[in-house]
*Asks:* 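Okay, handing you the structure first.
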Amino acid sequence: MDDFVAGQFGSSDTYGIILGYNLLTRDNIHALQSTGRVNGLIVLLREAMDAEDFQNLYSPEGSCPNCKFGLYANDNDPYIWNPKGHDLLEREFDIPIFGINPVNRISTQIYNYVMRTVEYNEEKGYDNYPLQAVDFELFMWAAMDSETCLRRGWCEAVGGLSVYATPSTDIQADDQKSIVMLTAGMDSRSLFHDLTNGAGHDISGLVGILAAAEALSHVDTSNLPKHILYTLFSAESWGYAGSQRFVQDISQPFTCTNASRAVKCPYGSSAPCTNPCVSTLDFKRINFDQIDSIIELGPISSASINGGYWAHVDDIQTSESLVTMLQQQPSGATTSNTTTVSIHPAYQDSVQRRLPPGSSTMSFLKQKRNIPSVMITDFQKELGSLYNSDLDDDIEGVDLSSMCQLATSTAKTAYLQAQGNTSVADQIAANCTLVSSLMDCLVSNFSCSFMQNYFNVSGITRTSHYSSVFSFRNPQPQLLPRFVFSFLADVTRRQQVQNPTTCITIQDCNTGEYCIKQQCIQSFTNYHEAYGTGLAYDESTGKVRVIDPTKPTWTESTWNTPVFRTFLVTSRAQQAVELVVGILWTLISIAAVLFGKRYFKKTFKTE
Amino acid sequence: MSLYTFFGCLLVAYGPILSIFFLYIGQNAQHVLLMVSRRSEAGLNIVSANPHSPFNQSIFSFVTGYGYALTTTLVSYISLLVESIGPGVIMCPSCPQATTFFISAVTTSLFSLLHIVWMMVAFEGFSNIRKPSGIARVIWVIGSHFGASYATLLNGSETIQYGCVYSIITCIGILSISTALVAYSLKSRYQLHSHPHSS
């Protein structure tokens, strides 16, 4: 690549460059762009990279991701969590950048095809025409900023649907009972949104919470002195949109005006309120002031690399006891060859770094700082080289048994924190097979056999965990929130005396019931809208506006279908020759015709 | 810039056709009529400047041949030519250094001339069909037509090196022989025609 930049490579024409993800740094991109001879990049991801490319990898994120929307935005000297990050994700590039990860049939076909064209060029020394060429089309409409773009109708709000559930199906805002929260983020972010996986970043934490919820479903959690609430937030990578909006909605009074709307409320006639349009008012039954403690699971896939798990807190005094309780839980590892994984306080080296980026807890603490809360991650001081990277899709390196132990500890702590019986707590254990299935299904094969219990799905292996845009006219949950909803509804279902009725779709059940795993069940499980709190949907005009630029206002541009195509080209010189030959031949024909006319006129003048 | 290729191939393929049209046919309305409607010979003979000139048949066959050449070359090459506006090329299988666009343009150009000449030979042949020379002319037109068409198969052949060169040489050869036939018959008609006056 240095030869190319120095101009000692190939012809002086423009090239499309194929490179591995490890070479995608600010300096390299800048160097390539400034040659003026690069028309686009095709980046190869994990399955197309060699083993040695994985050394010296750094995260493409900035040095403190989402810090300006977090709890410590106004601090003088915030801790820098990702000092070696490439800071690529919010850059503007002059050339199109495409990515290929050959993980399924069609991407492998395209990858093989692209590599064949490069090999063809390589054999010809990159300058012996005809050569394979490539052109890119990657047009996005967006202009300037979110406010302008929304006004012009060229953007949509980034967002999705968060999921919350509790086994206390009769929870009310005024029942004087505190709430213990277990929370994680559901989405991730990377350079190529179609390929965003986030196996370590968000899926591992999500799986931990789901496994803890399943472990707790085997004991009675609906009659404890405190409620246990599971919250999984969407669009957290975009300024904590999901958790901030949730906190905003449960701590502010809700007024239903039922005023006129530009577009029909998508939730139909059964919506409890049409302006503002909401699908359920169940979120009003969650009293923010009753939140008593929060346990959050962040990236937890690599415990063994960093010496176990680390518990991060905002304020040591407030949350110390919660950390201690977590540390004390025996993690239920009974086999002799699995070492017990330990949870260390992240501040045990006397450096208080406070909550790391990605923490949904911050949104709650912003409202009320003294809630005891802990975020558990597999790192102590730095976010790691795969943070928000397109290479965060590896399931081989995941430490599943540690995750399972952590899920058990988390479940036990939540149970005890809700003042459950100690002897019952000892029986709580996460299902390690479930942890393994969940990771496999959500990271690499959504059509796995475990998923068939919930959905009749086939042919889908990987799904993108980018939260995508929130549609106000037809809000639909993406596959991951849809699965999380079904899973949580099942494990938090109201216990019924008689056998539940079987069903195939929700229409087969009574109102207020869901059809999960072919059974009609009742459950306090709901979706909640997630999009930046700096944005507001004006129901009377049907448009999204920016109401507070200091809060997250992320939008996604509308785009034309991205295309790149490859084809053979001949050299400039050969094309010029073809033109010259054509001109010459035409001139010869003109001369021949003129000559012929004159000759025949002269010769046959006697006619 | 692929527009070089487009204009280059356009001029190669349609150079003769364009020059003949603008410099000869377009200047006489009757020729334009004959070009598009081949059955109008009898009527045009009546209204022509020299109704009894023996050269009328040659002129008519030339123009009719030109009309035929125009339609066949347009139909056979124009879609390939439009493809050349795009950025990519296809290399000729038997001559990998040249593009299919260019080789086809050369073939098209040769065929346009061939069609004109074949039509002239055919007119000669059919108007003298009872004589052996007439039959021979007709057989030549049909036979060499097949020969030229089969020769173009060499363009696309992957096993014969430089097949495109053989194909072009064959077509040029057939064109030369046919042109010689036309020149011979024109000459004999000239001698026939001018003989009464030269005495």
Side-chain angles (χ1 to χ4, degrees), chain A residues 11-16 39-40 113-114 117 120-121 123-124 128-137 563-607, chain B residues 1-25 27 49-50 52-56 58-59 62 66 83-84 86-92 96-103 105-106 109-110 112-113 186-187 189-190 193-198:
Chain A
S11 70
S12 58
D13 281 336
T14 312
Y15 282 82
N39 75 333
Y113 177 77
V114 168
T117 62
Y120 175 91
N121 280 0
E123 273 171 41
K124 304 194 108 198
N128 187 9
Y129 283 87
L131 292 173
Q132 293 281 0
V134 61
D135 72 1
F136 301 94
E137 197 183 303
V563 169
F564 76 82
R565 51 184 187 170
T566 63
F567 41 87
L568 273 177
V569 291
T570 49
S571 64
R572 220 48 84 76
Q574 182 166 347
Q575 293 169 18
V577 162
E578 288 175 353
L579 180 63
V580 166
V581 167
I583 292 174
L584 280 178
W585 178 240
T586 306
L587 289 175
I588 292 174
S589 322
I590 291 173
V593 171
L594 287 174
F595 174 76
K597 269 173 67 175
R598 198 172 317 144
Y599 175 78
F600 281 112
K601 202 171 275 184
K602 228 190 298 184
T603 323
F604 303 114
K605 200 155 196 323
T606 51
E607 51 164 304
Chain B
M1 221 185 36
S2 56
L3 279 184
Y4 288 171
T5 304
F6 171 74
F7 283 114
C9 290
L10 180 127
L11 289 175
V12 167
Y14 297 117
I17 295 231
L18 287 170
S19 27
I20 293 175
F21 183 83
F22 285 110
L23 296 174
Y24 180 62
I25 294 186
Q27 303 187 338
N50 265 323
H52 301 296
S53 163
F55 295 109
N56 278 348
S58 303
I59 294 171
F62 177 84
Y66 174 85
E83 288 298 318
S84 75
V89 300
I90 315 169
M91 305 316 283
C92 184
Q97 299 307 314
T99 63
T100 308
F101 301 133
F102 190 72
I103 299 296
V106 171
S109 185
L110 289 174
S112 67
L113 295 172
L186 274 181
K187 212 154 185 246
R189 193 158 318 154
Y190 171 58
H193 178 72
S194 67
H195 195 75
H197 295 263
S198 64

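Proteins get letters first, then strands, A, B, ... in listed order; numbering begins at 1 in each.
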*Asks:* What pairs of residues pass the salt bridge (charged side-chain N to carboxylate O under 4.0 Å, His left out) test when at least one of them lies in residues 128-137 of chain A, not counting sequence neighbours?
*Replies:* A:D135-A:R565
*Asks:* Counting heavy-atom pairs closer than 4.5 Å to chain B, which one of A:V577, A:T570, A:L587 comes out on top?
*Replies:* A:T570
*Asks:* Which bit of A:Q132 is near chain B, if near means a heavy-atom gap under 4.5 Å: side chain, backbone, both or neither?
*Replies:* neither
*Asks:* Between A:L579, A:V581, A:T566, A:V580, which residue shows the highest count of heavy-atom pairs closer than 4.5 Å to chain B?
*Replies:* A:L579
*Asks:* So which atom in A:W585 and which in B:L11 form the shortest heavy-atom distance, rounded to 0.1 Å?
*Replies:* CD1-O, 3.9 Å
*Asks:* Nearest 0.5 angstrom please: A:S589 OG to B:L23 CG, how far?
*Replies:* 10.0 Å
*Asks:* Using the rule side chain to side chain contact (heavy atoms under 4.5 Å, CB included), only one of A:Q575, A:Q574, A:E578 pairs with B:F102; which is it?
*Replies:* A:E578
*Asks:* Shorter than 4.5 Å, heavy atoms on both sides: which option in B:G86, B:P96, B:A98, B:G15 has the most such pairs with chain A?
*Replies:* B:G15
*Asks:* Report yes if the distance between the aromatic ring centroids of B:F62 and B:Y24 is under 6.0 Å, otherwise no.
*Replies:* yes
*Asks:* Heavy-atom pairs under 4.5 Å with chain B: which of A:L594, A:V593, A:V569 has the most?
*Replies:* A:V593
